[in-house]
Amino acid sequence: DAHVGTMHRAMHSHVAKVRKDVAAIRAERVGFLGKQEDGARGRSQAGRNPSRRAADDGDLEREATPERCPGCGVKMQESDPDKPGFFVRPKEKKADAKEEFEETLESSFRNKTDVFETPKTNETDDAEEEEVLDVVCARCYSLQHYGRIKSLAAESELPGFDLERIVGNRIAREKGRRAVICCVVDAADFDASLPIESLRQLLVSAKLLEETESRMTREGRSAAHIVLAVTKSDLLPKQCGLKRLEGWYRRRYKVQGLPSITAVHLVSAQTGTGMHMLLEGLEELCGKLGDVWVIGAQNAGKSSLINAMHRCISDGNASKQRALTEAAVPGTTLGIVQLGGILPTARCRVFDTPGVLHTHQITNLLSAAEVRMILPRRALKPRTFRCEVGGCISLGACARLEVLSAPSSTIYMTFWGSDEIVCHMGKATNAPELWSKHAGITLQPPVGGKERCNKLPELEMMEVNVFGNSWKESSVDVCIAGFGWVGIGVSGQCRLRVWTFPSIEVSTREAMIPDFAKQFETPGFTKALIPKKKNKKAKA
């Protein structure tokens, strides 16, 4: 036993000495190799990114600053937090050298490998990870995690974006590449979210308008294809039917006098419905060499659609591609963002573009919280009112419809909009008193009482004449841009007075959903249609 104890002590002493010598030798070798790797990496990074800053003597080499935010496309900077594109560089986690060496030594003893052997890694992946920081700007981070704007000062200095000029000229310069325009529109706000003038001017700037109309080629360049991606289709009632809706969207598009479209896809970023067919259609239209340009109005759902494309490709698994910023705030995307991994053909590219500002939409006047209230998040449910002549329905404190004349004593009005909008039916003569007491309090949105309502412009009225052909269903819609629409059930001519904020577009169209609600609303305030949350404690 004494002999064995002596041998153990000698062995431990020898092992300790060996470890000490190994640590010293390894430290020298790692330092030498580190210098070589740093030099080689610096040269390769300098070749790939000339704007990368060199590290000062004694400082750790810093990762390259991304030129554009991957969430919104704004130019990145880290000097002024009150300017657009500000971001915070993440701190590096320093590894414990002692623990790292002991783990390497134990691993080498178990696997019988050389302590000094450099572990094999995927050089391609490492190079990609070391190219740029995986960060987003402060604005995107705040919207993604808190749903609000980070800096109001920075918001006021956001750069403008001329879609027609910038994107149109870039398409025109791409000789020999097929252009596919993927126009994203809101299924529940089609007319207000369709960028009519922007799409027309974009095709003119790209010198593609004549080609699109005639499907001919000029100067060796292929004609553009226009694909209509109707998002948020999961919000529409199931009884509508996809075929009937597709035909309705085609007719509404054609009424605007725009060039003919190649395809219409009804999709949902929330449920993934129609995503595979949309991707297959874009891939087929792009061919071997083409570009997809995703355009649309603000809050139409472009970023949500693109993120859904990534999820569809990865079959629901986490994608390496950073997700674009999604928020119920107009103008989330601020610059052109090139997207990777959507189309399988390496020579085909996909670009996201900033949303087109539509000043005729009501969302431009409301706060972020109020915008979240009027953007539907659940399937639309109708609210049908049997309103007499001389009566009116109030839609929150944002709009009001009065019946001036009709073929009969009453007509049917069905409101389609967010279930968070509070409605009221009563006499038109009592409407001013009702609004003075309840606007911003019970009648919401807006939210914040008289103080908030006084900051908004006063409502203006306009008269609308509609002609319907049925008492059993809606045959014509009265639309309030960015807010919703009211289906009118009447046989004959009806005269209405519509009140809403100035500059907000009010239009009529063929009824999109003719159905009435199963139960009609009674006079007074409507009950909230928001589903109640189940009380788990009560069940227990």
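Just so it is clear, the structure is predicted and the values come from calculations on it, not from any experiment.
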Over all atoms of both residues, closest heavy-atom pair of C398 and T500 = O-OG1, 3.1 Å
inquiry  = For the backbone of V294 and the side chain of T353, can you confirm whether one donor and one acceptor N or O come within less than 3.5 Å of each other?
reply    = yes
remark   = To the nearest 0.5 Å, atom CG of L305 lies from atom NE2 of H310 at 10.5 Å
query = What residue among K381, R377, R383, R378 forms side chain to side chain donor-acceptor pair (under 3.5 Å) with D419?
reply = R378
ask   = Yes or no on side chain to side chain contact (heavy atoms under 4.5 Å, CB included) for R349 and L343, after CA distance, side-chain angles and deciding distance?
value = CA-CA 7 Å; R349 304 172 299 187; L343 298 180; over 6 Å; no
query = Within the distance-only criterion (no hydrogens, no angle test), does the side chain of Y253 pair as donor or acceptor with the backbone N or O of S260 below 3.5 angstrom?
reply = no
request  = Using salt bridge (Lys or Arg N to Asp or Glu O under 4.0 Å) as the criterion, list what pairs up with R251, not counting sequence neighbours.
outcome  = E510
ask   = Hey, what do you get for CG (D186) to CD (Q298), rounding to the nearest 0.5 Å?
value = 13.5 Å
inquiry  = I'd like to know if the side chain of S475 and the backbone of N469 have a donor-acceptor N/O pair within less than 3.5 Å.
reply    = yes
ask   = Does Y249 use its side chain to pair, donor to acceptor, with the backbone of A187 at less than 3.5 Å?
value = yes
Residues S268 and D234: side-chain donor-acceptor under 3.5 angstrom = yes
key: Minimum heavy-atom distance W416-D515, with the two atoms named   = CZ2-O, 3.7 Å
task = Quick one: pull up OG in S418 and CG in L395 and give me the separation to the nearest 0.5 Å.
result = 12.0 Å
request  = Determine yes or no for a side-chain-to-main-chain donor-acceptor pair under 3.5 angstrom, with S503 supplying the side chain and H360 the backbone.
outcome  = no
query = Would you say the side-chain atoms of D477 pair up with the backbone N or O of M512, donor to acceptor, closer than 3.5 Å?
reply = yes
key: Whether T262 side chain and H225 backbone form a donor-acceptor pair below 3.5 Å   = no
message = Could you check whether any side-chain N or O of T231 sits under 3.5 Å from a backbone N or O of K302, counting only pairs where one atom can act as donor and the other as acceptor?
response = no
key: Lys/Arg N to Asp/Glu carboxylate O, R372 vs E420, below 4.0 Å   = no
ask   = Sub-3.5 Å donor-acceptor pair from the side chain of T384 to the main-chain atoms of T414, do we have one?
value = no
remark   = For F190 and R252 the tightest heavy-atom approach is CE2-CB, 3.5 Å
V371 backbone acceptor or donor facing T363 side chain under 3.5 Å = no
message = Measuring from atom CD1 of I295 to atom SG of C183, what distance do you get when rounded to the nearest 0.5 angstrom?
response = 4.5 Å
key: Cation-aromatic face contact R170/W293, 6.0 Å, 45 degrees   = no
request  = Please check if atom CD in E246 has more than 12 non-hydrogen atoms from other residues, nucleotides or ligands closer than 6.0 Å.
outcome  = yes
message = I need the single residue from Q361, K232, H358 that forms a side chain to side chain donor-acceptor pair (under 3.5 Å) with D189. Which is it?
response = Q361
Closest heavy-atom pair and its distance - L456, L365 = CD2-O, 3.4 Å
key: Reference residue L258; test side-chain contact (heavy atoms from CB on, under 4.5 Å); the match among L203, I226, L199   = L199
